[in-house]
Q: 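Structure incoming, see below.
Below, chain A is the first sequence line, B the second, and so on; all start at residue 1.
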There are 2 protein chains.
Amino acid sequence: MNLNDRRVIKTKNIFHQTLLKLLKEKNLESISVSEICKIANVNRGTFYLHYDQKENLFEEYFMEVMKDLEKSYHGPYQDLSIQPHEIDPSSLRIFHHVKKYSDFYKIVFSNKASLSYYYLFYNKVKILLEEVLTMYKDDKLNIPLYSAYQANAVIGMIIQWVSNDFSYSLDYMNEQYAHFLKIDKFQLAKYHE
Amino acid sequence: MNLNDRRVIKTKNIFHQTLLKLLKEKNLESISVSEICKIANVNRGTFYLHYDQKENLFEEYFMEVMKDLEKSYHGPYQDLSIQPHEIDPSSLRIFHHVKKYSDFYKIVFSNKASLSYYYLFYNKVKILLEEVLTMYKDDKLNIPLYSAYQANAVIGMIIQWVSNDFSYSLDYMNEQYAHFLKIDKFQLAKYHE
DNA sequence: AATTTTATTAGACAGTTGTACATTAAAATA
DNA sequence: TATTTTAATGTACAACTGTCTAATAAAATT
């Protein structure tokens with residue numbers, strides 16, 4: 001299968017458009033491959049020529065969004081209204097990206113979604129945070145475990161954010177995140193009293 | 001549907017046994033309802049009388065495991081070898097429970113699993129941790145957001161633990177967790193230099 | 001522009017899903 | 001124990017899935 005063949009590009013584009021259109025009406029689970037093909041007006045056999053399941057199609061779009069996360073993480077501050085030194089920029093950029101693609105992340109974190117999507121996002125966040133965390137020269141610290149801890153903690157906040165329909169502002173999310181990092185140490189101290 | 005009817009109890013038991021048997025051979029995704037019924041020797045219509053999908057059957061077993069988490073969290077220290085004052089007991093009890101049901105959690109955190117299972121576990125951990133976290137009298141602190149952060153951070157460690165096939169010891173997991181809580185504050189300070 | 005290559009199609013296949021309904025058998029209860 | 005209630009069965013149905021084949025049409029190559 002040659003991904004540069006104009007027929008392939010055309011077909012994949014039609015599938016992408018069709019899936020996004022259907023995802024605005026209902027969730028991925030209740031969309032059938034037959035339905036996608038009927039609306040896309042493409043043979044069902046062609047679908048299976050490109051994808052194993054409808055989930056693979058969604059993942060193709062997913063990777064596009066991950067590219068944006070990557071870009072916005074390493075790119076200039078631009079539309080971020082906060083000064084870099086004020087609050088941890090790592091989390092700010094991630095929160096910013098998630099809000100930008102809020103419709104998408106509602107799907108990713110929806111109850112019926114697959115953990116595979118979660119992991120795609122989680123691993124991306126983990127790698128991004130690892131860039132900062134590897135700066136610690138601490139023999140006792142297990143870096144992969146710590147980045148797993150940190151990445152998933154931020155995602156926990158995002159889950160909460162999604163579940164209340166993004167009612168918190170970007171600034172508030174960052175303010176709280178900074179607050180959490182501060183009190184973690186205090187919490188531990190209590191158990192050593 | 002009367003859940004106390006001996007026919008119902010018997011049928012549900014057969015389904016539970018059959019599912020667990022099949023889950024040792026392959027993942028939930030590749031198990032069909034027809035297959036469960038064929039092995040259980042129960043009519044397929046009966047299955048749909050009790051469950052919407054095979055996932056509901058799995059969730060029924062899931063709730064049993066959650067009950068154990070609840071119990072081991074609030075129960076006596078018993079088989080926990082570490083002194084309560086040494087390390088944060090909340091995480092220790094959770095790690096202990098996860099290791100006890102390691103086969104089960106391998107399924108829960110497997111790539112193809114549904115986020116709905118993740119959320120069942122996440123919400124349980126969140127509620128358990130909230131008991132401790134509500135002790136903070138801090139107006140600026142968003143408790144639901146903080147417990148989301150804390151609960152998911154611990155689950156992040158568990159994900160890492162599962163992914164390396166539980167190669168870390170219980171003690172090591174707790175030691176690292178305590179360590180993470182300590183350095184979080186330090187990390188934040190760096191951005192304020 | 002002619003030829004070769006290959007993506008796409010149409011159609012068929014067995015197996016699964018979710019639902020429905022009348023029948024049967026087992027449990028609850030009077 | 002006899003009667004009533006209802007869980008479980010057998011069967012059928014339309015729709016979806018995943019796979020395969022030969023035919024077709026569109027692109028790449030010469």
Q: Just report the end-to-end axis angle for the helix from C:dA1-D:dT30 to C:dA30-D:dT1, five pairs per end, to 10 degrees.
A: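 One end axis against the other gives 30°.
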Q: Looking only at the aromatic ring of each residue, does the gap between the centers of A:Y105 and A:F121 stay below 6.0 angstrom?
A: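 Judged by ring-centre distance (under 6.0 Å), A:F121 and A:Y105 do meet the cut-off.
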Q: Let me know which of A:Y118, A:F109, A:Y119 forms a ring-ring contact (aromatic ring centres under 6.0 Å, His included) with B:Y118.
A: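 The option that passes is A:Y118.
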Q: From the options A:W161, A:F95, A:Y101, select the one residue that forms a ring-ring contact (aromatic ring centres under 6.0 Å, His included) with A:F166.
A: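 Among A:W161, A:F95, A:Y101, the one that satisfies the ring-ring contact (aromatic ring centres under 6.0 Å, His included) with A:F166 is A:W161.
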Q: Heavy atoms within less than 4.0 Å of DNA chain C: which residues of residues 15-24 of chain A have one? Give them sorted by number.
A: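 Nucleic-acid contacts, sorted: none.
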Q: May I ask you to decide if the ring planes of B:F180 and A:Y146 are parallel, tilted or perpendicular, using 30° and 60° as cut-offs?
A: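 Tilted: the ring planes of B:F180 and A:Y146 meet at 30° to 60°.
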Q: Name the orientation class of the two ring planes belonging to B:F47 and B:Y51 (parallel below 30°, tilted from 30 to 60°, perpendicular beyond 60°).
A: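 The rings of B:F47 and B:Y51 sit tilted, inter-plane angle from 30° to 60°.
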Q: State which residues pass side chain to side chain contact (heavy atoms under 4.5 Å, CB included) with A:I39; sequence neighbours excluded, sorted by chain then number.
A: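 Side chain to side chain contact (heavy atoms under 4.5 Å, CB included) list for A:I39, sorted by chain: A:T18, A:K21, A:L22, A:E35.
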Q: Considering all heavy atoms of both residues, which atom of B:L69 and which atom of B:K124 are nearest to each other, and what is their separation?
A: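 So the minimum-distance heavy-atom pair works out to CD2-CG, 3.7 Å.
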Q: Quick one, B:H74 with B:E70, criterion side-chain hydrogen bond (donor to acceptor under 3.5 Å, both in side chains). Give me CA distance, side-chain angles, the key distance, then yes/no.
A: CA-CA 6 Å; B:H74 289 120; B:E70 174 89 42; 3.1 Å; yes
Q: On DNA chain D, reading 5' to 3', which nucleotide is the first and which the last to sit with an atom under 4.0 Å from a heavy atom of chain A, could you check?
A: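 Listed 5' to 3', the contact boundaries are D:dC16 to D:dA28.
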Q: Strictly under 4.0 angstrom, non-hydrogen atoms only: write out the protein contact profile of nucleotides 7-18 of chain C, one letter per nucleotide from the 5' end, B, S or -.
A: BBBB-----SBB
Q: By side chain to side chain contact (heavy atoms under 4.5 Å, CB included), which residues pair with A:M1, not counting sequence neighbours?
A: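 For A:M1, the residues satisfying side chain to side chain contact (heavy atoms under 4.5 Å, CB included) (neighbours in sequence not counted) are A:V8, A:L49, A:H50.
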Q: Test side chain to side chain contact (heavy atoms under 4.5 Å, CB included) on B:E131 and B:Y73; report intermediate values, then the result.
A: CA-CA 11 Å; B:E131 291 176 19; B:Y73 194 84; 4.2 Å; yes
Q: Taking the side chain as C-beta and beyond, is there a heavy-atom pair between B:F104 and B:L20 under 4.5 Å?
A: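 Sidechains of B:L20 and B:F104: no contact.
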Q: Answer yes if A:F58 and A:L3 sit in the same cluster of Ile, Leu, Val, Met, Phe, Trp and Tyr residues linked by side chain heavy atoms under 4.5 Å apart, and no otherwise.
A: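 Shared cluster, no.
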